[in-house]
Amino acid sequence: MTEPLIRPARSADAAEVAAIWESGWRDGHLGNVPDALVAARSHDSFRTRAGKRVPDTTVADVGGVVAGFVMVVGDEVEQVYVGGAHRGTGIAAVLLAAAERLVAANGFGTAWLAVVPGNARARRFYERCGWSDAGPFDNPVPHAGQIIAVPCRRYEKRV
């Protein structure tokens, strides 16, 4: 694997981040989340959210191409996605480790993230990286002035 450059996202990265996010989100969430959330996650929603979330985003850059990204806010690792061409290369673990360092730099001793129970691939990945399943919860996802309750598992790791 070419060692990725881990760097803060730039506005120019938003379109690549949106494309990776949409594809990865659909892979891990379709059939595993409420229909209301699927309906809310339109193509345009990923583009809009990726643009707004640039300050929270760290990317893995491989040869000038965004190969994957993480979004961290406070003690939460909100998003972890790798583009299809880069899956299985170790980039996800590098990004997750970067997210853990960001949570620690934010002053927290424990990082957490939400994962839908049916996303077995993601759950196995987090467990291989030392994260522990801390139990079920309903993740409140805001959309159009409403809250969509998404059944999730909370994963945690001391950082």
**Student:** side-chain hydrogen bond (donor to acceptor under 3.5 Å, both in side chains): which pairs involve residues 77-87, sequence neighbours left out?
**Tutor:** W21-Q79, D27-R87, R53-E78
**Student:** Determine whether V159 and V77 fall in the same hydrophobic cluster, where Ile, Leu, Val, Met, Phe, Trp and Tyr are linked whenever their side-chain heavy atoms lie under 4.5 Å apart.
**Tutor:** yes
**Student:** What's the separation between atom OG1 in T58 and atom CE in M71, rounded to the nearest 0.5 Å?
**Tutor:** 9.5 Å
**Student:** Any chance you could measure T57, atom OG1, to R7, atom CZ, to the nearest 0.5 Å?
**Tutor:** 11.0 Å
**Student:** Rounded to the nearest 0.5 Å, what separation is found between the CD atom of E76 and the CG atom of L102?
**Tutor:**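 Here the interatomic distance stands at 13.5 Å.
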**Student:** Do N106 side-chain atoms and G74 backbone N/O form a donor-acceptor pair below 3.5 Å?
**Tutor:** yes
**Student:** For R26, is the CZ atom crowded, meaning more than 12 foreign heavy atoms sit under 6.0 Å from it?
**Tutor:**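 Atom CZ in R26 is packed in, count exceeds 12.
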**Student:** Linking I/L/V/M/F/W/Y whenever any side-chain heavy atoms sit under 4.5 Å apart, do L113 and V141 land together?
**Tutor:** no
**Student:** So is R123 actually on top of F125's ring, under 6.0 Å and inside 45° of the axis?
**Tutor:** no
**Student:** Nearest 0.5 angstrom please: W131 CH2 to T110 OG1, how far?
**Tutor:** 9.5 Å
**Student:** Measure the CG-CG distance between N32 and L37 for me, rounded to the nearest 0.5 Å.
**Tutor:** 11.0 Å
**Student:** Nearest 0.5 Å please: distance from the CG atom of L96 over to the CZ atom of R101.
**Tutor:**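 So the gap between those two atoms works out to 10.0 Å.
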**Student:** Please determine which of V66, V70, V94, L95 meets the side-chain contact (heavy atoms from CB on, under 4.5 Å) test together with V82.
**Tutor:** L95
**Student:** Would you call V38 and V33 a side-chain contact if the rule is heavy atoms closer than 4.5 Å?
**Tutor:**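 In contact.
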**Student:** For the pair R41 (side chain) and E22 (backbone), establish whether a donor and an acceptor sit closer than 3.5 Å, ignoring hydrogens and angles.
**Tutor:**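 Looks like no, no N/O pair under 3.5 Å.
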**Student:** Is I91 reachable from V80 through a run of I, L, V, M, F, W or Y residues, each pair having side-chain heavy atoms under 4.5 Å apart?
**Tutor:**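 In one cluster: yes.
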